[in-house]
Amino acid sequence: MKRTNKFAAWALAASIFLGVTFFAGLAAAADGKSGAKLDDASCQTCHDGKKGKLELEKDDGDKRALHEINPDKYAKSVHAKMECVTCHTDITDSVTPHKIASDAKKPECAQCHLDLWDTAKKENKTAEKPRLGIVAENVAAYKKSFHAQKDKDDPSKLMAICSDCHNVHSFDVPLRGTQERKEWHAAVPDICGKCHEDHLEDWTGSIHGKEIIEKQNLKSAVCSDCHTTHDIIGSSSVKAKLEITASCGDCHKDAQKSYKASYHGQVATLGYAYTAKCADCHGSHAMQPSKDPESKMNEKNRLKTCQNCHSGKEGKPGLATAGFLSFSPHGNSHDFAKYPEIWLTTKAMVALLIGVFAFFWLHSGLWWYREYADRKQGKTAPHVMTDKLPPELATRHVRRFGPIWRIAHLLFALSVMVLVLTGMAAFFPDTSWAKSVMGAFGTPKIAGQVHRLAAYTMLGIFAIHLVAVTISIVRSWKRFKFFGPDSFVPNWKDMHDMIGMFKWFVGKGERPRIERWSYWEKFDYWAVFWGMAIIGGSGMMLAFPHVVAKFLPGWVFNVAMVVHGEEAVLAAVFLFTVHFFNNHFRPDKLPPPDVVMFTGTQSMTEFRHEHRAQYDRLVETGELEKYLVDAPSAPFTLASKILGLVLIAFGLTLLVLIAIGFAGAGH
């Protein structure tokens, strides 16, 4: 019995020893595992994707899928040389589930790259790591983007973070120009479509999507081509609308160029989004070619598309009519087969510009040379030819223009300059000065209203002038001669005077004796009639398209745009070069300004020099006396000179702006 008890005691002691040893071994094993090194190899024993789906059950019972990392893809990624725990600093052990350090931050791609870039800058290694700088720029753009905003449904989250778009474990951007890069680019819609399912569906059925999916045309547009990559902003914002419109031009260069030449495009180029843009006419994600019956630009749907903006509702342009259908929003001047009316109109206007400027710039250049040469040779200037006049006439002035003419000229000059400023700002929308002008007015819409007000003023003055001239002719019907010396109608003397001037320019004859109106003054006068018909008529058509389209086809608007713009350039440049030279900058007129259109009078010496034929005629008929007046007062003369200099300065400034516009536009 004693032996039995002794054996039982030894057995119990052995059991206790073995148990303690076993559990101690387990604890040691557990301790050994938790202390294992957290390197990539140990992480991939679970996360290599070969052990089935990894899930973690959360406190609320939901399950969250864990990362499964393909070792081959990870080895080729930009992060291949990094240890897992470099980013996953919150992982402290290798047991399942991991213990998470409470004080450790979760991986944050953006901040990590910014820190690396800051370090590179401090160590002066930016040249060695240029891609880090690109990433830093992308991060800065992302932080201002729509994706970096808080999710309205869950404010604890952002709309999208880096890992939503980039597979951070296999991320690698192929080199530009490679087939891999094209394929990577073509896969962008699948990434965006994870959140934007409806847009992906629309894009898949669009011309862009079909080109990639069905035709394997990897150059076709994907999400990032229109919406950019990191600096994505809300598509309803003005900035987004304009940037998307500009992005269309990256592929459709000719279409964008013709669009920018239209009023819609001019306003968009100036930085405003209230006129039609590419997506307004062609659609956005579900865009189809115009031949497709579903296209917004199909001939069956086009009028309805136009009426989305031209609805006739309050604050909107007048209701679009059937005439709009033949308008060519992308019409150009180099495709005769497709746009013959635009081609012909453009060629005619260019020929007109070349002809007018070739003749009158040559005329001005030779005139300047002749008068300058005369002065250089010591010939008496006409301003001091008082020795050849009777003493009683030397101090008198001759009345050239009455108060109505002078007021009309001033209002006409002001309205023209306002028209040039507001019109050329739209004509050259790419220039910085045009954007500044529009900013000063507020918007192109306000500038357009000012433009029309100036146009109505100019047309009103012209209409009143026509009435006044008609009344004057009727009253003096028996005495008036259409081809007489007091008429603006060109006659044979004008032809002889012009030939005589060119002979005088080259030293082959004396300066011709000019009558009341010179041939260049008559050209100025009748040019206004041409301008009122061409600029005024085309401008009214463009201002009221819904009315015009009821009676005329839409292509007249294409012609009107060409005529209005080119004729405006002709008028502005002619006024601020030829007209200014003839009246203010000839050597005989220096120093400027000539104030005859403000005072209404000329000194006898200047009158006799400028209009010798009229002077001789008036002396011969004894009518000179009725035109003689006292010289204007000194204060009135000074005020006239100041006004003249201000207008000249404004005109020359406009001329410089137009020159900048042409230089920038590559004309």
Side-chain angles (χ1 to χ4, degrees), residues 67 69 73-91 101 103-176 178 180-181 184-196 199 221-244 246-247 250:
H67 290 298
I69 315 303
K73 291 183 178 180
Y74 180 72
K76 297 177 182 178
S77 75
V78 294
H79 297 142
K81 296 180 180 180
M82 295 174 56
E83 294 287 336
C84 303
V85 291
T86 303
C87 295
H88 297 280
T89 57
D90 53 340
I91 304 298
D103 58 342
K105 294 182 179 180
K106 291 185 177 181
E108 187 178 354
C109 306
Q111 190 58 49
C112 178
H113 286 92
L114 291 178
D115 292 341
L116 290 172
W117 181 239
D118 288 339
T119 301
K121 288 191 289 186
K122 291 177 182 178
E123 296 176 354
N124 294 320
K125 294 182 178 180
T126 55
E128 301 173 19
K129 302 177 179 180
R131 290 190 66 175
L132 263 182
I134 296 174
V135 174
E137 292 176 0
N138 290 338
V139 170
Y142 161 76
K143 288 189 173 182
K144 298 178 182 179
S145 73
F146 177 78
H147 284 157
Q149 297 178 10
K150 291 183 178 180
D151 191 327
K152 293 181 180 179
D153 297 330
D154 185 356
S156 65
K157 298 180 179 179
L158 300 180
M159 296 296 292
I161 60 175
C162 307
S163 56
D164 290 326
C165 301
H166 301 292
N167 187 325
V168 295
H169 297 100
S170 61
F171 182 71
D172 186 30
V173 181
L175 294 175
R176 291 185 182 275
T178 62
E180 290 79 7
R181 178 62 174 248
W184 174 76
H185 175 259
V188 168
D190 294 329
I191 297 172
C192 298
K194 290 187 296 183
C195 295
H196 305 282
H199 294 330
V222 299
C223 314
S224 57
D225 290 316
C226 300
H227 297 283
T228 71
T229 51
H230 297 89
D231 53 345
I232 296 171
I233 55 179
S235 59
S236 61
S237 67
V238 170
K239 182 181 179 182
K241 290 178 179 179
L242 296 178
E243 288 182 349
I244 290 172
S247 296
D250 293 340

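With sequence neighbours excluded, no residue forms a side-chain hydrogen bond (donor to acceptor under 3.5 Å, both in side chains) with Asp153. Every side chain to side chain contact (heavy atoms under 4.5 Å, CB included) that Asn167 has, sequence neighbours left out, goes to His169, Ser170. With sequence neighbours left out, the side chain to side chain contact (heavy atoms under 4.5 Å, CB included) criterion links Ser163 to Ile161, Val168. Residues satisfying the side-chain hydrogen bond (donor to acceptor under 3.5 Å, both in side chains) criterion with Ser236, sequence neighbours excluded, are absent altogether.
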Can I get a per-line list of side-chain donor-acceptor pairs under 3.5 Å for residues 127-143, giving both atom names and the distance, sequence neighbours left out?
residue: Asn138; atom: ND2; partner: Ile134; partner atom: O; Å: 3.4
residue: Tyr142; atom: OH; partner: Ala160; partner atom: O; Å: 2.6

Side-chain donor-acceptor pairs of residues 223-234 under 3.5 Å, sequence neighbours excluded:
residue: Asp225; atom: OD1; partner: His185; partner atom: NE2; Å: 3.2
residue: Asp225; atom: OD2; partner: His185; partner atom: NE2; Å: 3.0
residue: Asp225; atom: OD2; partner: Val222; partner atom: N; Å: 2.9
residue: Thr228; atom: OG1; partner: Asp231; partner atom: OD1; Å: 2.7

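Within the structure, the side-chain hydrogen bond (donor to acceptor under 3.5 Å, both in side chains) test picks out the following pairs touching residues 111-126 (sequence neighbours left out): Gln111-Asp115.
Side chain of Lys194 to main chain of Pro189: no donor-acceptor pair is present (N/O by atom type, distance under 3.5 Å, no hydrogens or angles). In this structure, Ser247 contributes its side chain and Glu243 its backbone to a donor-acceptor pair below 3.5 Å.
Summarising the geometry of Lys152 relative to Met159, their closest heavy-atom pair is N-SD, 4.4 Å, with the distance given to 0.1 Å.
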